[in-house]
**Q** 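Mind looking over this structure? Questions follow.
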Amino acid sequence: MGTALHTPILDWYAEKARDLPWRRPDASPWAILVSEIMLQQTPVARVQPVWTEWMERWPTPAALAAEPPGEAVRHWGRLGYPRRALNLHACARAITADHDGRVPSSYDALRGLPGVGDYTAAAVASFAYGGSHAVLDTNVRRVLARAVRGEEYPPKATTTVERRLAESLLPALDAPTWAVAVMELGALVCTARAPRCADCPVAGLCAWRLAGRPAHDGPERRGQTYAGTDRQCRGRLLAVLRDAHGAVPKAALDAVWADEVQRERALDSLVADGLAEVPDEGTYRLPA
DNA sequence: TAATCGTGGTG
DNA sequence: TCACCAAGATT
């Protein structure tokens, strides 16, 4: 039944796709890997400028691998989840050391790189190398939940049922374009909060819309307050290290977060995560 | 499995 | 306004 989705969605994509730099034909596998990791839980609009700067600065894995990891963290800026910067740096070194300087093309080899999970491995294997994989990101999962399963939202964690469904929908030809088209539909039309069904190419056969767009019934979907959390504290501390050149005295870190217990905990966790170093007693810096 | 990991735009 | 959410991964 799902194959009826292919033509309308592919036609819609051909007309409406955004022109994103990592989708251009000249985008290298490295450029695509960098984009995919930057895009994890991060909107396109915020990724664009950072990705462009990274590509100019580090056009190859070898270029990034030659830098200390702290430089990756510094140029990550305020993208969020800065361990991704360390992951990309570790990817660059692993690719240089173990893959002859080229981003691997197989799903399994990609999956073995730091920070590359099921989604990212499938995405890079597809978009950089033309492989045929089920690419299950939040957009695809939501589109399939609605169009096929008739539910407003997918389960919190990806299920075997979802994966089987996505695999059953893989087209015989050009699976990568199918994948990016469904993702784009989810990003631009079949959005989480205010879906634009009037603009949807498959509104006529969407199970959720045909059922009258019933509200999600299961348990509450979320709960991620941020103010006052360790995450916010870590962000403040790391911003100080990023904006400094070289080591900073601990007093500079003490100044940005009042709660001492929480601040110490956060600082220790940054060091434990490899996002900060203690070159001398009482001073901190990005990892050199 | 569920908690944790940043940041900023938005309905 | 503020809770929600964005091309997830890891432990």
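In what follows, chains are A, B, ... by sequence order, proteins preceding strands, each numbered from 1.
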**Q** Check this for me: does any side-chain nitrogen of one of A/Arg23 and A/Glu184 sit under 4.0 Å from a carboxylate oxygen of the other?
**A**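 Looking at A/Arg23 and A/Glu184, the cut-off is met.
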**Q** Could you measure between the two P atoms, the one in C/dA7 and the one in B/dT4, and give it in whole Å?
**A**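 Each nucleotide's P atom is 24 Å from the other's.
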**Q** Determine whether A/Arg84 and A/Asn87 satisfy the following criterion, side-chain hydrogen bond (donor to acceptor under 3.5 Å, both in side chains), listing intermediate values before the conclusion.
**A** CA-CA 5 Å; A/Arg84 292 181 294 164; A/Asn87 288 150; over 6 Å; no
**Q** For A/Tyr153 and C/dC4, what is the distance between atoms OH and P respectively, to the nearest whole Å?
**A**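 After rounding, the reported distance stands at 10 Å.
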**Q** Which part of the nucleic acid, if any, lies within reach of A/Leu79 when heavy atoms closer than 4.0 Å are counted: base, sugar-phosphate only, or nothing?
**A**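 Touches a base.
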**Q** At less than 4.0 Å, is any side-chain N or O atom of A/Arg84 found next to OP1 or OP2 of B/dC5? Yes or no.
**A**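 Result: no.
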**Q** Could you grab the distance from atom CG of A/Leu241 to atom CG of A/Leu253, nearest 0.5 Å is fine?
**A**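 So the CG of A/Leu241 and the CG of A/Leu253 are separated by 5.5 Å.
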**Q** Does A/Tyr81 put a side-chain nitrogen or oxygen below 4.0 Å from OP1 or OP2 of C/dT10?
**A**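 For C/dT10, neither OP1 nor OP2 has a side-chain N or O of A/Tyr81 closer than 4.0 Å.
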**Q** Rounding to an integer number of angstrom, what distance separates B/dT1 and C/dA6 when you compare their C1' atoms?
**A**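 It works out to 23 Å between them.
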**Q** Please state how far atom CZ in A/Arg78 lies from atom P in B/dC5, giving the value in whole angstrom units.
**A**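 Whole-Å distance recorded here is 17 Å.
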**Q** Separation of A/Asp273 atom CG from C/dT10 atom P, in whole Å?
**A**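 So the two atoms are 13 Å apart, to the nearest Å.
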**Q** For A/Leu79 and A/Arg46, which heavy atoms make the closest approach, and how far apart are they?
**A**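 Where A/Leu79 meets A/Arg46 most closely, the heavy atoms are CD2-O, 3.5 Å.
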**Q** Does A/Gln41 put a side-chain nitrogen or oxygen below 4.0 Å from OP1 or OP2 of C/dA6?
**A**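 Answer is no, no contact under 4.0 Å.
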**Q** Taking OP1 and OP2 of C/dA9, is either one under 4.0 Å from a side-chain nitrogen or oxygen of A/Arg111?
**A**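 For C/dA9, neither OP1 nor OP2 has a side-chain N or O of A/Arg111 closer than 4.0 Å.
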**Q** Just the rounded figure in Å: distance from P of B/dG6 to CZ of A/Arg242.
**A**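 Roughly 10 Å, once rounded to whole Å.
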**Q** I need the minimum non-hydrogen distance between A/Arg285 and A/Gly246, along with the two atoms involved.
**A**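 Of all heavy-atom pairs spanning A/Arg285 and A/Gly246, the closest is CB-O, 3.9 Å.
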**Q** Take the protein atom CG of A/Leu110 and the nucleotide atom C1' of C/dG8, then report the distance between them rounded to whole Å.
**A**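 Atom-to-atom, A/Leu110 to C/dG8, this comes out as 15 Å.
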**Q** Give the rounded distance in Å between these two atoms: CZ of A/Phe127 and P of C/dA7.
**A**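 In whole Å, C/dA7 P lies 12 Å from A/Phe127 CZ.
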**Q** For A/Lys16 and A/Leu188, which heavy atoms make the closest approach, and how far apart are they?
**A**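 Nearest pair, atom of A/Lys16 first, then A/Leu188: O-CD1, 4.2 Å.
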**Q** Which is true for A/Val47 with a 4.0 Å heavy-atom rule: it touches a base, it touches only sugar-phosphate, or it touches nothing?
**A**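 Contact class for A/Val47: none.
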**Q** On DNA chain C, check which nucleotide each of A/Gly186 and A/Gly115 is closest to and give me the residue with the more 5' one.
**A**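 The 5'-side residue here is A/Gly186.
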**Q** Please classify the nucleic acid contact of A/Trp22 as base, sugar-phosphate, or nothing, using heavy-atom distances under 4.0 Å.
**A**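 If one applies the 4.0 Å heavy-atom cut-off, A/Trp22 turns out to touch a base.
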**Q** Where each residue is assigned the nucleotide of DNA chain C containing its nearest heavy atom, which of A/Asn87 and A/Arg23 is assigned the position nearer the 5′ end?
**A**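 Looking at DNA chain C, the more 5' nearest nucleotide goes with A/Arg23.
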**Q** So, is A/Arg83 close to the C/dT10 phosphate, meaning a side-chain N or O under 4.0 Å from OP1 or OP2?
**A**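 Checking C/dT10 against A/Arg83, no side-chain N or O comes under 4.0 Å of OP1 or OP2.
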**Q** Taking CG from A/Leu39 and C1' from B/dT7, how many angstroms apart are they, rounded to a whole number?
**A**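 Interatomic distance, CG of A/Leu39 to C1' of B/dT7: 15 Å.
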**Q** Does B/dT7 have its OP1 or OP2 closer than 4.0 Å to a side-chain nitrogen or oxygen of A/Thr42?
**A**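 No, A/Thr42 has no side-chain N/O under 4.0 Å of OP1/OP2 on B/dT7.
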**Q** Nearest-Å distance, CZ (A/Arg46) to C1' (B/dG8)?
**A**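 Rounding to the nearest Å, CZ of A/Arg46 and C1' of B/dG8 are 5 Å apart.
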**Q** Give me the distance, rounded to whole Å, that separates B/dG6 from C/dT11 when you measure between the P atoms they each carry.
**A**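 The answer is 14 Å between these two P atoms.
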